[in-house]
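Structure first, then comments.
Convention: sequence-line order gives letters A, B, ...; per-chain numbering from 1. As the structure is a computational prediction, the values presented were derived from the model and not from experiment.
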Amino acid sequence: MKNVIGVINLGKPHSMLDDLTRNRSIASVPFGGRYRLIDFTLSNMANTGISKVAVFTLNKSRSLMDHLGSGKEWQLDRKIGGLFVLPPAIEFPTQEYKGDLQNFHGHIDYFNRSKEEYVIVCRSHMICNVNYAEALQFHIDSEADITMLYNRVDPDTVDLSNCYQVEVDEHQRVRGMSSDFDTGNVYMETFIINKSLLVELIEQCAENEQYDLTESLLIQNINNVSVHAFQHQGHLSIINCTTSYYNQSMRLLDPEVWKGLFFQPGLVYTKIKDEPPTKYIETADVRNSLIANGCIVQGQVENSILFRGVKVAKGAVIRNSIIMQECEIGADAVVENMILDKEVCIKRGQSLIGNATEPVVINKRSTI
Amino acid sequence: MQRKEIIAMLLAGGEGRRLGALTQKLAKPAVPFGGKYRIIDFTLSNCSNSGIDTVGVLTQYQPLILNSYLGIGTSWDLDRANGGVTVLPPYVQQKGGNWYKGTANAIFQNMFYIERYNPQYVLVISGDHIYKMDYDKMLDEHKKRGAEATIALIEVPWQEASRFGVMNVDGADRITEFEEKPKNPKTNLASMGIYIFNWDVLKSYLVRDDENPYSSNDFGKDIIPRMLQEERDLYAHRFQGYWKDVGTIESLWEANMDLLEAYPTLNLHDNEWRIYSVNPNQPPQYIAPYASVKQSLVNEGCMVFGNVDHSVLFYGVHVGEKSMIKDSIIMPNVRIGQNVKIYKTIIAEGTVIGDNCTIGVEGEHAPITLIGEDSFIPANAKIKN
């Protein structure tokens with residue numbers, strides 16, 4: 001895959017996860033017991049063999065930068081290619097940020113200087129395990145200018161608000177794309193494009209002062225260039241609000257989803273923490289849960305997800321909850337229908353019971 | 001090459017014959033331990049946590065798995081431009097070559113490696129012990145006393161003392177006497193096989209030892225007795241804490257079971273002294289609705305549908321419904337079918353066990369059953385040691 005550049009576009013502002021994105025970008029929201037959302041896209045690229053990846057960032061990037069490091073977890077600490085983090089190239093404070101495409105335009109040299117022929121552009125809130133090689137082959141074989149990835153989803157299990165859906169004809173050509181459609185074909189915010197065309201379209205949009213990548217670069221050009229659609233068959237989780245974050249997390253408790261998302265076709269890589277295996281004490285009672293390494297469990301855990309290094313004391317009960325890294329649940333405490341951000345400490349005997357349909361988020365490092 | 005104050009020489013060539021099927025394809029230091037680690041992780045992590053950034057790893061027996069596991073030392077933060085991990089197998093020189101004849105000979109044959117760093121001190125350790133130790137404290141003591149060699153000692157139960165090299169010390173902890181595996185030990189201070197030497201002193205002894213055709217070229221049998229005989233300044237560094245030689249199936253099993261205590265002496269959940277290893281990058285473990293896991297260590301990538309009691313599960317282990325695992329060690333990627341019963345058994349990597357099998361013998365004094373790597377046990381089988 002030396003002919004492809006991976007681009008992860010985080011330049012579109014959204015604050016869809018409220019408390020969970022108060023101090024971090026959506027890309028670095030913790031997910032699935034040990035990952036950050038961006039791990040899935042990065043791992044897909046790594047498993048496809050892409051060794052040159054650009055991450056276009058916007059703001060609140062401290063935790064993201066800390067997580068990415070040199071990119072070695074995704075084999076991106078390379079002499080040839082490697083990881084490029086590209087924050088907005090705007091004049092502060094005189095210039096205003098107008099959209100993700102402005103960010104692409106500001107770094108147009110990155111594309112101009114690259115020899116690669118193709119670019120895969122992704123975002124980070126659509127969680128799937130995919131090898132892009134097949135989609136790229138489809139793109140080349142069908143002589144498309146742009147190939148969009150889409151997934152057929154069941155609207156009952158996935159919240160489709162804020163999503164674009166595509167209309168695809170029998171030749172797999174995209175005939176239309178809108179957030180108002182109801183075709184069941186969800187655009188995965190991932191497309192493959194020939195680099196020369198990408199540069200041309202970025203310049204064109206900038207001239208017309210259009211700065212939204214999906215609206216200006218894709219939707220406006222559906223009838224001008226040949227846009228094809230490639231269907232991804234595997235599991236897709238769309239994270240677009242706190243409720244969907246919670247629901248999509250809970251779907252991981254289905255062993256088929258667990259296997260599909262974490263193993264097929266490749267593994268998901270994340271920053272290593274060197275935690276020991278999880279320890280279950282005599283009094284532990286764990287059912288239908290996902291438990292990451294480094295935990296010490298003495299209490300009861302049911303239908304829940306424990307991130308790395310969580311401590312559950314004797315007599316504590318955790319139900320239907322997501323407990324992030326390094327949280328401590330005191331003896332005899334009860335936590336139900338909650339999302340605890342990192343390093344939250346629940347004192348002995350406390351009871352936190354949230355709403356089953358709208359889980360409550362407890363902010364990072366709180367003590368209750 | 002920039003000069004180093006201290007470098008470590010890690011002896012990792014041991015065959016570990018008493019570990020039977022576990023060491024058929026790997027050297028003893030590469031044997032899996034504690035649900036996640038290989039034995040050598042403990043000494044490598046000790047080096048890293050003690051601020052030692054140059055480690056020569058002496059390999060000889062079945063080095064492939066060990067070599068590829070070590071890589072360039074990244075997992076232990078030992079991928080350094082100057083120093084880091086260097087694998088040192090025996091090699092052929094102009095005058096011919098030899099296998100490593102003994103622990104001292106292995107160091108002797110790699111004097112060129114040591115000289116490149118021109119160190120003041122050399123730490124000699126072996127890759128088949130489980131313990132956490134700050135070598136920097138030992139070095140401080142060595143320097144303060146102006147010692148020529150310092151040997152780490154641990155008090156062992158009197159009845160076990162005859163299995164070790166034991167030492168007599170005077171009031172200032174100066175070593176006065178050393179006996180290798182004595183029938184009637186005079187002391188219960190056992191050598192842990194951890195030595196710090198002044199390099200110039202060690203070098204002269206290694207050269208003389210090599211010239212002696214009757215020497216077995218071993219630290220415990222030759223170098224240390226000779227230094228004592230010549231009244232060199234040998235001191236003891238007393239160690240308190242967990243230390244175990246996991247050279248036999250029994251001791252390997254025991255050391256794993258020790259970790260299952262509510263408050264084990266060897267605490268793996270210690271952020272101040274992490275044990276590093278190569279991480280398999282697997283998702284969090286899944287514990288099913290009707291599963292039960294108690295008094296156990298379970299690593300990532302496991303799927304548990306059955307009962308796990310007082311056992312250690314490495315990564316990627318699959319335990320089927322209504323199966324029961326007790327007092328056992330299940331190594332990576334073992335798949336256990338439904339309705340299987342496993343008692344006091346060590347199952348090596350990659351083994352597949354069919355439905356309705358019974359493996360091992362129940363009971364506190366029952367013998368340990370061992371199933372080798374990549375075995376296939378068909379359904380309904382009954383296997384015991």
**Asked** At a heavy-atom separation under 4.5 Å, does B:Phe305 approach chain A through its side chain, its backbone, both, or neither?
**Response** side chain

**Request:** Tell me, out of B:Leu268, B:Val298, B:Asp309, who's got the most heavy-atom pairs with chain A below 4.5 Å.
**Result:** B:Val298

**Request:** Check each atom of B:Leu259 against the heavy atoms of chain A and say whether the ones under 4.5 Å are side chain, backbone, both or neither.
**Result:** backbone

**Message:** Taking side chain as everything from C-beta outward and backbone as N, CA, C, O, which of these in A:Val286 sits under 4.5 Å from a heavy atom of chain B? Side chain, backbone, both or neither.
**Reply:** both

**Message:** Testing the 3.5 Å rule here: is there a donor-acceptor pair between the side chains of A:Asn288 and B:Tyr290?
**Reply:** no

**Complete:** Okay, A:Lys72 and chain B: the region with an atom under 4.5 Å from a heavy atom over there is side chain

**Fill in**
Taking every heavy atom of B:Gly35 against every heavy atom of A:Pro277, the minimum-distance pair comes out as C-CG, 3.9 Å

**Asked** Counting only heavy atoms not in B:Arg80, do more than 12 fall under 6.0 Å of its CZ?
**Response** yes

**Item:** Point-to-point distance, once rounded to the nearest 0.5 Å, from CD of A:Glu275 to CG of B:Asn299
**Value:** 11.0 Å

**Shortest non-hydrogen separation from B:Pro284 to A:Gly33 and the atoms involved** = CG-CA, 3.8 Å

**Prompt:** Is it the backbone or the side chain of A:Glu302 that comes under 4.5 Å from a heavy atom of chain B, or both, or neither?
**Reply:** neither

**Complete:** Cut-off 4.5 Å, heavy atoms of chain A, and the answer for B:Phe314 is neither

**Request:** Enter the distance from B:Lys294:NZ to A:Ile281:CD1 here, rounded to the nearest 0.5 Å.
**Result:** 11.5 Å

**Prompt:** Does the side chain of A:Asn293 come within less than 4.5 Å of B:Gln285's, by heavy atoms?
**Reply:** yes

**Prompt:** For the atom pair OG (B:Ser292) and OH (A:Tyr280), what is the distance rounded to the nearest 0.5 Å?
**Reply:** 10.5 Å

**Request:** Could you tell me which of A:Ala284, A:Pro255, A:Ala292, A:Gly32 has the largest number of non-hydrogen atom pairs under 4.5 Å with chain B?
**Result:** A:Pro255

**Asked** Of all heavy-atom pairs between B:Arg274 and A:Asp274, which one has the smallest distance, and what is that distance?
**Response** NH1-O, 3.3 Å

**Fill in**
To the nearest 0.5 Å, atom CD of B:Glu300 lies from atom CZ of A:Arg34 at 4.5 Å

**Asked** So how far is it from A:Ile291 CD1 to B:Cys302 SG, rounded to the nearest 0.5 Å?
**Response** 12.0 Å

**Prompt:** Checking heavy atoms, do the side chain of A:Phe307, its backbone, both or neither come under 4.5 Å from chain B?
**Reply:** neither

**Message:** Only pairs of heavy atoms separated by less than 4.5 Å count here; which of A:Leu253, A:Leu290, A:Thr278 has the most with chain B?
**Reply:** A:Thr278

**Asked** B:Asn279 and A:Ile272: which non-hydrogen atoms are nearest, and at how many Å?
**Response** ND2-CG2, 3.2 Å

**Request:** May I ask you to test the B:His269-A:Lys311 pair for a side-chain heavy-atom distance under 4.5 Å?
**Result:** no

**Asked** Could you give the distance from CD1 (A:Ile305) to OH (B:Tyr286), rounded to the nearest 0.5 Å?
**Response** 11.0 Å

**Asked** Is it true that atom NZ of B:Lys322 has more than 12 heavy atoms of other residues, nucleotides or ligands lying nearer than 6.0 Å?
**Response** no

**Exceeds 12 heavy-atom contacts within 6.0 angstrom, atom CZ of B:Arg335** = no

**Request:** Taking all non-hydrogen atoms of both residues into account, name the closest pair between B:Gln282 and A:Leu267 and its distance.
**Result:** NE2-CD2, 4.3 Å

**Prompt:** Any chance NZ of A:Lys314 has more than 12 other-residue heavy atoms, nucleotides or ligands included, within less than 6.0 Å?
**Reply:** no

